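Here's the structure we're looking at; comments come further down.
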Amino acid sequence: MAEPHKNRFEPAPPAPRPGGIAARASGATRAPYLEGLNPEQREAVETLDGAVLVLAGAGTGKTRVLTTRIAHILRLGRARAGEILAVTFTNKAAREMKTRIGGMVGEVVEGMPWLGTFHSIGAKILRRHAELVGLKPDFTILDVDDQIRLLKQLLAAENIDEKRWPARVLATQIDHWKNRGLSPDQVSAGEAGAFANGRGKDFYTAYQARLKTLNAADFGDLLLETIRLFREHPEVLAQYQNRFKFILVDEYQDTNVAQYLWLRLLGQRPRDTTGGGGLVLRDAALRAAPQDEAGSMPVPGPRPEEPGRSPGVSKDVATKNAAPQKNICCVGDDDQSIYGWRGAEVDNILRFDHDFPGAKVIRLERNYRSTAHILAAASHLIAHNEGRLGKTLRSEGEAGEKVVVSSAWDSEEEARAIGEEIERLQRQGHRLNEIAILVRASFQMREIEDRFVTLGLPYRVIGGPRFYERAEIRDAMAYLRLVNQPADDLAFERIVNVPKRGLGDAALQCLHDFARAQGVPLLEAAHRIVATETLKPKPRGALRDLAAAFDRWREQRDVLPHTELAEIVLDESGYTEMWQKDRSADAAGRLENLKELVRSMEEFENLQGFLEHVALVMDTDRGEEQDAASIMTLHAAKGLEFDTVFLPGWEEGLLPHQRSLDENGRAGLEEERRLAHVGLTRARKNARISFVSNRRIHGSWTSSLPSRFLDELPEEDVEVLEGQGAFAGYGGYSNAYGSRFDTTAAFGSGYTTPGWRRAQQGRGAGAGAGAARDDFPQEYFNQDPAGRFENGSGSGTASSPTTRGRDATGPQNPGAGRNGFGGAASPRRAPLTIEGELVARSSGAPSAFSRGDRVFHQKFGNGTVRAVDGNKLTIQFDRAGEKRVVDSFLTKV
DNA sequence: TGAGCAAGTCTTTTT
DNA sequence: GACTTGCTCA
């Protein structure tokens, strides 16, 4: 096993010890990398055999443990670098791990070929065995944009009304199925029937078939097809099972079912492979669990213990596959699971010990990042969640400053306050690099950016519009893809008439028909059709030239360096010229981007490698070293830390986000709470939360209420400031420029000001005003949905023709504002609708409505019942479009 | 065929 | 408010 070997990660010469080197593991005690680990971390690093789950709370040294563990394995010679499978969730994390391991072992990173994201490793495996799943090794990886265009074509071909079933929605659904590890034949009839006029399943099948003919795979396929490969070809699976001696998984709480299945397969010992049947079982269990179980619950309330949600099944599966296990180590934090919307199954981590019986669970609870106040606030907040494994973060640092909560009249003022505070910090010598503004939704960034621009405050937006998503980059990429892979019809369609070649709809339709008739890709069809009289002379000539050009480029591909090829392609196709001639303002920038694209190609060995990178990584790693404040979403902030963190927008509807509540009810709320928790725990020294009374949404002003999460922060760790400019009305505005946060009056003892109380009451909306804290959501959920708008203390949607719309620059009417947080008297948007929750626990009882009924809905108006599913109805609203609604919200007309 | 304008949509998070 | 789509007209 531990035979001596040579590799790049050959351990550094052991520290000199008297008596020579023992072969025991303890030989590593002197290893410098183990020094400074606390006992739990050390245990997590040194427990190499069997299954290990490391529950690593925020700031407890998770990445350090992972990387040290790898270094340790290498150093002990338990495996070579190529025998360790280390999967991360994001490219960023993979990159960081590579760097850190490199630093630790003192070598370059290339030595870890199987360290990467699930998707990149999946793609790597899939390329090696592509033929076995009906692809060629050079298959194209489609992004969402391509997917949608493909689906649109299919919709048209299948004669499905795109208005009713937007391609985007179908793409999401298919993605969802794939996340759950379901191939078309595994999708239950009922579920598939609800889509595309009952043809959901056929549609999914057709989509997959189309991908195969295009020699393409979407993101989901990178996992799903690998799973299929493993299942259908045990010998291939065995090959990888033998290869990987150790498996490490980062952010395990973010894995979805497909990723789970993928890991299970690889995590078994070679002979175990027939146990694959058991996986399907678990798979089926998960498929059934979420909706149906919730649906049968009569009253909202604590769910049955999360980890045991389908104890019967999962136990069976666990026992069945209990046999020998690989050395698998999963690191994660259930409190940081924020990707449920993308199919992540917190369950995976919650029942790790069911899946890996005898697994060792190690908790890392010592937080080295944040001060005690920040940590206490975050812990108290997250304790409101129910489905948790439970960890208590302990601070290893000092008490520090309290978490600051402040308010502002509107989002512009909030941005102004943040800008001022940052300038103040800057004057005190804080570095901008150590400051971050974390928002819930990207639209919040705009006002903040605007303000920073005005102030001349350097900032950078992380995860903003991406380089590879820009139109000119995608066009250029399409050319290159097509050179690389002539069957890439999507690429062909994208560029066939860019720049304009006079190939309009008519000509393209003709070409399509021709291609279909001949059963060849479009580019090939182009070659053939120009030899016929089918097209008119002008388009025919254009098409002939284009096809000939691709022939030429393809020949050059094999002889020229790929960067040179790219320049030739962009040049000869007329694409560069098109932008040079363009008079619009951003043309220059686009040309610059194209140059940047070609430049970035230099880092790759060949075209194929470059295309792979673009498909999977999607961002350029341009490390701007300038000192600048970071603006990003809460999601993007996971894994990062800053001295000072601003958390604007803690308002109902934004954090927690309305849509999350609507779609996922209580589970959605808990995920939002985790998001808030992630935000707080990013801060080392200062956390500054703010909320506003008025926010601009869709360009018009909407009033809002403070987030319920504010109530869930412990008073003793929070300092509440009342922004001076916040409620002072117009006059206060000018003052606000000169005012400081810290010149404002504190609230005295926490949450006792009249304004705050009123805000609370307004929020209770008839559900019992005292309802705050823990019992609040409960009360809220129990409200009679129909009565909501009548007894909602005048705060229903219907009664809020927003008076704010009248001034374009901001809601400057001081009237309501003076009272406090907007005051209960000001017009409000409807208190949280929680339809998602109601949908989720719909009973199976037959509905009083039937198809074709005309109905009325308080919020959406009149509509027609399109489908009935228990008490969940699909309604085509006359004005609001199609919605799924619970029947209790409806009255017959 | 393509430009220009009007209307409509959608704004959470991403490999 | 920003963007896409659809429509009309030259």
Side-chain angles (χ1 to χ4, degrees), chain A residues 87-94 116-123 141-145 147-148 152 162-163 166-169 171-172 175 178-179 217-224 251 254-256 258-259 337-344 438-447 450 462-466 468-469 471 497-509 536 538-539 542 612-619 632-638 649 653-664 668 671-672 674-675 678-679 695-702 808 879-881:
Chain A
V87 274
T88 64
F89 201 65
T90 63
N91 293 300
K92 200 165 66 182
T117 62
F118 278 100
H119 289 88
S120 68
I121 292 176
I141 299 170
L142 299 189
D143 62 24
V144 185
D145 220 63
Q147 256 184 66
I148 286 173
K152 277 188 179 159
E162 232 240 274
K163 289 265 159 48
R168 193 168 296 277
V169 173
T172 310
D175 203 47
K178 289 185 173 179
N179 283 340
D218 63 19
F219 279 121
D221 283 345
L222 297 181
L223 292 167
L224 198 54
E251 307 278 20
D254 284 337
T255 51
N256 60 34
Q259 286 157 341
S337 165
I338 53 174
Y339 285 102
W341 52 274
R342 197 165 101 182
L438 310 182
V439 298
R440 175 63 183 88
S442 42
F443 75 84
Q444 291 174 261
M445 292 180 180
R446 240 195 84 161
E447 280 167 310
D450 284 354
I462 314 268
R466 306 186 177 187
Y468 291 117
E469 281 171 7
N497 202 29
V498 181
K500 301 253 185 292
R501 299 187 171 89
L503 292 163
D505 287 345
L508 284 185
Q509 191 54 50
K536 289 182 186 148
K538 232 159 83 186
E612 178 93 5
H613 166 85
V614 174
L616 288 171
V617 180
M618 286 305 277
D619 62 349
M632 68 187 95
T633 63
L634 287 163
H635 283 87
K638 194 165 81 160
L654 186 55
L655 183 76
H657 199 281
Q658 187 64 55
R659 206 161 141 183
S660 196
L661 299 179
D662 285 347
E663 287 171 8
N664 295 304
E671 182 153 314
E672 295 292 307
R674 289 193 292 266
L675 214 37
V678 166
R695 190 169 288 282
R696 195 187 233 145
I697 295 177
H698 306 225
S700 58
W701 290 96
T702 320
R879 276 178 306 141

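Everything numeric in this text was worked out from a predicted model, so none of it was measured. Letters A, B, ... mirror the listed sequences (proteins, then strands); counts begin at 1.
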For this session: Using the test side-chain contact (heavy atoms from CB on, under 4.5 Å), find all partners of Q147(A) that sit at least two apart in sequence or belong to another chain.
Result: A171(A), Y207(A), D218(A)

For this session: Report the residues that fulfil ring pair (Phe, Tyr, Trp, His ring centres under 6.0 Å) with F443(A), sequence neighbours left out, ordered by chain and then residue number.
Result: none

Exercise. Does R342(A) place a side-chain N or O at less than 4.0 Å from the phosphate oxygens OP1/OP2 of dT13(B)?
Worked result: no

Problem set entry | Rounded distance (Å) that lies between atom C1' of dT12(B) and atom CZ of R674(A) | 15 Å

For this session: Nearest whole angstrom, please: distance from the C1' of dT14(B) to the CD of Q147(A).
Result: 12 Å

Problem set entry | Nearest-angstrom distance from the residue atom CG of N256(A) to C1' of dT15(B) | 10 Å

Problem set entry | With sequence neighbours excluded, residues passing side-chain contact (heavy atoms from CB on, under 4.5 Å) with D175(A) | N179(A)

For this session: Using atom CD of E672(A) as one end and atom P of dT12(B) as the other, report the distance to the nearest whole Å.
Result: 11 Å

Exercise. Which is true for F89(A) with a 4.0 Å heavy-atom rule: it touches a base, it touches only sugar-phosphate, or it touches nothing?
Worked result: sugar-phosphate

Exercise. Whole-Å distance between dT12(B) C1' and M445(A) CE?
Worked result: 11 Å

Problem set entry | Reading 5' to 3' through nucleotides 2-10 of chain C, protein heavy-atom contacts under 4.0 Å coded B for base, S for sugar-phosphate only, - for none | S--S-----

Exercise. Among all residues two or more places apart in sequence or in another chain, which pass the side-chain contact (heavy atoms from CB on, under 4.5 Å) test with T117(A)?
Worked result: T88(A), N91(A), H119(A), S120(A)

Problem set entry | Listed partners of A506(A) passing side-chain contact (heavy atoms from CB on, under 4.5 Å), at least two apart | none

For this session: Using a heavy-atom cut-off of under 4.0 Å over every strand shown, decide if H657(A) touches base, sugar-phosphate, or nothing.
Result: sugar-phosphate

Exercise. Using a cut-off of 4.0 Å on non-hydrogen atoms, how would the nucleic acid contact of S442(A) be classed: base, sugar-phosphate, or nothing?
Worked result: sugar-phosphate

Exercise. Rounded to the Å, how far apart are R168(A) CZ and dT12(B) P?
Worked result: 12 Å

For this session: Answer yes or no: is there a donor N or O on one side and an acceptor on the other, between the side chain of T172(A) and the main chain of R168(A), under 3.5 Å?
Result: yes

Exercise. Given atom CZ of F443(A) and atom C1' of dC10(B), what is their separation to the nearest angstrom?
Worked result: 12 Å

Problem set entry | Polar side-chain contact W341(A)-dT13(B) base: donor and acceptor under 3.5 Å | yes

For this session: Provide, to the nearest angstrom, the distance between the CD atom belonging to E447(A) and the C1' atom belonging to dG1(C).
Result: 11 Å

For this session: For N497(A), report the nucleic acid contact type (base, sugar-phosphate, nothing); a contact means any heavy atom under 4.0 Å.
Result: sugar-phosphate

Exercise. For the side chain of K178(A) and the backbone of A258(A), is there at least one donor-acceptor N/O pair under 3.5 Å apart?
Worked result: no

